[in-house]
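This one's a predicted model, so the numbers in the text were calculated from it and none came from an experiment.
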Amino acid sequence: MLPGEDRAARRVLLVCLAARATTLLDQAVLNIAVPSMRHSLGAGAADVQWIVAGYSLAFGLALVPGGSLGDLHGRKRLFLAGMAVFLLAGVVAATGSGPGTVIGARLVQGAAAGLVNSQVIGTIQDVFHGGDRGRALGLYAVTAGVAAALGPPLGGALVAGLGPGTGWRYCLLLSTPCAVVTLTIAARWLPPPRRTAHDSRLDILGLGLACACTLTLMVPFIRTPDSGGAALLWAAGVCALACAFTVHQRIRVRRGRVPLVHPALASSRPYMLGTAVAMAQFGSSIAASLVLTVFLQDGLGLSALLTAAISLPSAVAMGVSSALAWRLVRRIGLRTVSVGLALGVCAALAGAVAALFVPSAALPIVLAATQLLSGAAGGLAVSPNQTQVLQHAPAEAAGVGGGILQMAQRIAAAVCLSAVSAVYLHSASGSGPRTAYALASCVCAGLLAAALVLARLRRVAVSPRSPRPEFPTVRSPRDDRSPQER
């Protein structure tokens with residue numbers, strides 16, 4: 001039974017879940033088609049990295065301004081506009097004749113998906129309250145996980161049935177009917193637009209600094225520095241941009257302006273730690289899925305259909321464990337997230353060991369088993385963590401709070417996709433695909449281990465003896481009304 005006080009609220013939730021599934025499925029289904037797309041377009045390694053990571057980057061960078069605009073001007077029109085652009089950009093990407101066209105279309109599509117999802121999370125925060133909000137956010141997270149896990153099997157079926165030359169194009173078109181259905185029900189069921197914030201000044205400079213910092217992090221993984229001096233220059237650039245972003249945020253707060261990261265969010269240790277957990281977990285899972293696909297098809301020479309079959313247990317296990325996660329949460333609380341992350345570390349390390357020592361004939365079966373464990377781990381970690389994080393987002397920054405969380409995840413996905421795929425591609429050319437996959441899996445295991453440490457710190461921060469943080473508000477210098485008047 002869907003949460004909600006009435007039928008209208010449940011319909012709104014259906015729209016939100018449909019949008020989430022559509023935009024997540026679009027990226028997940030493409031992973032399985034990357035090898036065939038690469039050969040069909042004659043794309044280089046850097047082109048492929050931009051096609052898969054550029055979507056996540058644009059998605060993430062559009063979330064915060066999208067959330068701010070939704071808080072200021074209402075969410076329905078922005079939702080409909082974003083979904084329409086997402087649909088059109090998907091068609092352009094699917095019919096593109098060269099890597100440049102596909103990269104450009106995917107960047108636009110990612111930005112549109114970010115605009116849509118920022119309205120989705122804000123709408124859930126607006127419509128649902130108390131226990132219903134927790135259940136709605138839980139379903140939102142479960143939908144994302146299941147859509148991401150179902151993408152590879154669906155993509156594999158399309159590539160196998162239609163052939164590698166055209167199958168990847170239909171993978172990109174798979175989201176089109178979903179987008180049409182979502183647009184139709186959104187136009188009918190979403191509530192009328194209304195403002196939930198009063199300060200209209202968006203932190204453009206902060207957004208630009210965040211974008212520059214992310215790009216600087218990604219570039220060396222796409223194009224490896226050719227000298228030690230270049231590597232040092234890159235590291236200095238990352239540090240300088242991160243410091244500039246931090247200083248800029250503090251200056252805006254002192255001047256009474258709303259920064260990119262709302263001060264209520266920045267001052268909430270559970271929110272920030274939970275967001276860091278989500279970044280490491282999401283980035284690791286997205287990168288691991290892509291590397292597994294490339295390893296199975298290019299490294300072992302398996303068909304797209306067999307690759308999809310190996311990925312399918314992850315989808316099944318994630319769906320089941322997501323449904324059962326809340327029972328475990330009621331028993332052991334936030335330790336559920338730690339259990340899921342620990343299982344994820346074990347699954348990644350098991351995949352690495354299997355790649356090095358298991359014979360080729362048995363390797364697909366063993367990897368399918370590791371995917372089963374990985375999916376179960378994701379179901380236990382994703383939904384409880386995201387729900388807990390968003391409980392610390394203040395009502396006046398609902399869109400921005402959800403946007404920051406998703407932006408952080410998408411930026412992490414862009415960087416991890418670039419980094420882990422670079423580790424695999426560079427190692428495969430020298431040490432062979434098995435060693436390369438083992439190394440990439442160890443990197444993913446390291447990310448999950450870092451998330452496990454952060455989850456432990458977050459559990460301490462939200463212990464029963466710790467009061468729920470008070471969220472300060474930022475008032476415009478020109479807004480002299482009392483809180484009651486506002």
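- Residues Ser427 and Arg434 have side chains that never bring a donor and an acceptor to within less than 3.5 angstrom of each other.
- With 3.5 Å as the limit, one finds a donor-acceptor pair spanning the side chains of Gln27 and Arg410.
- Inspection of the Ser311 and Gln371 side chains reveals no N or O donor paired with an N or O acceptor under 3.5 Å.
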Inset, instruction - For the pair Ser441 and Leu349, evaluate side-chain contact (heavy atoms from CB on, under 4.5 Å) and give the outcome as yes or no after the intermediate values. - result: CA-CA 7 Å; Ser441 295; Leu349 292 178; over 6 Å; no

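- Using a 4.5 Å heavy-atom threshold, the side chains of Gln119 and Cys16 count as separate.
- Of the possible polar contacts, none joining the Gln281 side chain to the Ala451 backbone as a donor-acceptor pair under 3.5 Å is found.
- A side-chain donor from one of Ser40 and Trp168 sits under 3.5 Å from a side-chain acceptor of the other.
- For Arg20 and Thr143, the side-chain atoms include no donor-acceptor pair closer than 3.5 Å.
- Under 4.0 Å is where a charged nitrogen must lie from a carboxylate oxygen, and between Arg10 and Asp132 no such pair does.
- With hydrogens and angles disregarded, no donor-acceptor distance shorter than 3.5 Å links the side chain of Thr101 to the backbone of Gly96.
- Using the six-membered ring where Trp is involved, Phe86 and Tyr55 have ring planes that are perpendicular, over 60° apart on the 30 and 60° scheme.
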Inset, instruction - Start with the C-alpha distance between Leu302 and Gln297, add both sets of side-chain angles, then the distance that settles side-chain contact (heavy atoms from CB on, under 4.5 Å), and finish with yes or no. - result: CA-CA 5 Å; Leu302 302 183; Gln297 294 188 58; 5.6 Å; no

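- The 12-atom threshold is exceeded at CG of Leu356, counting heavy atoms of other residues, nucleotides or ligands nearer than 6.0 Å.
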